[in-house]
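Remarks on the structure that follows.
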Amino acid sequence: MFNKFEKTMNNIKNVFSIKDLENLSGIKAHTIRIWEKRYNVLQPMRTDTNIRLYDLHSLQKLLNITLLHDYGYKISKIATYSEEKIPSLVREIITTKNANNHAISDFKMAMMNFDQDLFFKTYDWLIAKKTFKEVFLQVFVPLMNELGLLWQTDTITPAHEHFVSYLIKQKLLINIEQLQTQPVQHHDKVFVLSLPMNEIHELGLMYLHYEILLQGYKTVYLGESMPIDNLKVLKNNFGPIVYITYMTVQPDREAIDNYVSTMESELLGDGTQLWFIGRLVENIDRDKIASETHIFQSITELVDAI
DNA sequence: AAGGCCTGCTTTGCTGACGC
DNA sequence: GCGTCAGCAAAGCAGGCCTT
């Protein structure tokens with residue numbers, strides 16, 4: 001229908017295909033057509049070859065309808081509501097039970113429209129009723145997972161993803177900075193956080209930084225793409241170190257065991273521990289790792305181990 | 001030729017009302 | 001309580017058109 005360039009331009013101009021709406025709302029394209037035919041819920045524009053095109057307002061309406069629909073409202077009933085009734089009903093309905101989903105919808109809208117104000121407004125609304133920890137784990141993590149899928153299906157561009165992840169980083173940094181003004185409570189170990197070479201997915205690592213500071217430990221945050229021999233230097237400065245490495249897309253599946261064993265031979269000793277987390281750790285051969293090496297399946301699992 | 005989207009028609013699954 | 005029935009919603013299928 002569109003080539004990749006046209007698709008990108010369309011999504012930046014906020015013109016969406018029926019497939020985009022399916023990906024963003026979770027409602028099947030087939031069902032969207034049926035709803036249109038039976039109840040006229042959305043009135044898309046058409047190309048000269050009769051393909052449906054939707055604007056941002058249609059997307060917003062569909063996301064609202066999806067929330068009501070999930071909540072048990074029949075589509076036939078929703079269709080009778082006026083244009084203003086739907087959003088006001090959505091506002092009425094949102095309780096703590098589905099606040100998360102509603103916030104995710106709003107963050108998606110903010111992203112598609114590059115709307116910073118909506119992002120901040122939604123964040124403020126969430127943070128008024130939840131802790132930062134809850135917001136991150138219940139809203140930001142699922143949101144970022146969804147964005148990965150939306151990127152894979154060509155529904156959003158890297159620009160959209162970067163826009164949102166930068167704003168999330170900003171919120172993380174504010175919270176981290178607040179904690180860094182507090183005195184260190186525990187001195188039995190120091191946490192060194194970094195990403196492996198060529199790895200740039202930093203949000204998870206930053207969140208761990210926040211959690212570790214929250215527990216009152218000293219941290220050294222090194223961030224993305226850190227060579228192993230650079231990590232070694234830290235051993236001159238600090239006592240027992242826990243090196244945390246977050247692996248999202250690097251190192252490659254074939255190289256990962258080698259990477260882990262190199263870290264073990266370069267860094268272990270003097271009470272040092274190596275903690276690995278991230279999507280790729282499932283590829284690590286657990287039979288080969290040292291007793292000072294620990295692998296975590298989830299953020300919460302690692303936080304419990306601090 | 002293949003894949004995506006369009007439409008119209010059919011089938012399946014669910015729910016709620018009714019009568020017993 | 002429970003079986004039947006009607007109506008609604010979603011999914012499935014077929015055939016055609018358009019683009020790559």
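Residue numbers start from 1 in every chain, and the chains themselves are labelled A, B, ... in the order their sequence lines are given, proteins ahead of strands.
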Would you say the ring centroid of Phe119(A) lies under 6.0 angstrom from that of Phe107(A)?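 Yes, the ring centres sit under 6.0 Å apart.
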Centroid-centroid under 6.0 Å between Tyr210(A) and Phe132(A) rings: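 Yes - the distance between ring centres of Tyr210(A) and Phe132(A) falls below the 6.0 Å cut-off.
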Selected nucleotide, minimal atom distance to His30(A) side chain, candidates dC6(B), dC13(C), dA10(C):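 Of the options given, the side chain of His30(A) lies nearest dC13(C).
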If you check every side-chain atom of Ser76(A), which of dC8(C), dG8(B), dC5(B) has the closest atom? dC8(C)
Just by distance, with hydrogens left out, do Thr272(A) and Glu292(A) show a side-chain donor and acceptor under 3.5 Å apart?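 No, Glu292(A) and Thr272(A) have no side-chain donor paired with an acceptor closer than 3.5 Å.
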We want to know whether Thr66(A) and His69(A) form a side-chain donor-acceptor pair, criterion being a heavy-atom distance below 3.5 angstrom.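 Judged by distance alone, the side chains do not pair up.
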Between [X] and [N], is there a contact of a side-chain N or O with OP1 or OP2 at under 4.0 Å?
{"X": "Arg52(A)", "N": "dC6(B)", "answer": "yes"}
{"X": "Arg46(A)", "N": "dT7(B)", "answer": "yes"}
{"X": "Ser17(A)", "N": "dC5(B)", "answer": "no"}

To the nearest Å, how far apart are [X] [atom1] and [N] [atom2]?
{"X": "Leu53(A)", "N": "dC18(C)", "atom1": "CG", "atom2": "P", "value": "17 Å"}
{"X": "Ile78(A)", "N": "dC8(C)", "atom1": "CD1", "atom2": "P", "value": "16 Å"}
{"X": "Ile34(A)", "N": "dT11(B)", "atom1": "CD1", "atom2": "P", "value": "15 Å"}
{"X": "Arg33(A)", "N": "dG8(B)", "atom1": "CZ", "atom2": "C1'", "value": "12 Å"}
{"X": "Glu22(A)", "N": "dC6(B)", "atom1": "CD", "atom2": "P", "value": "11 Å"}
{"X": "Lys28(A)", "N": "dC5(B)", "atom1": "NZ", "atom2": "P", "value": "13 Å"}
{"X": "Lys77(A)", "N": "dT15(B)", "atom1": "NZ", "atom2": "C1'", "value": "15 Å"}
{"X": "Ile32(A)", "N": "dA10(C)", "atom1": "CD1", "atom2": "P", "value": "11 Å"}

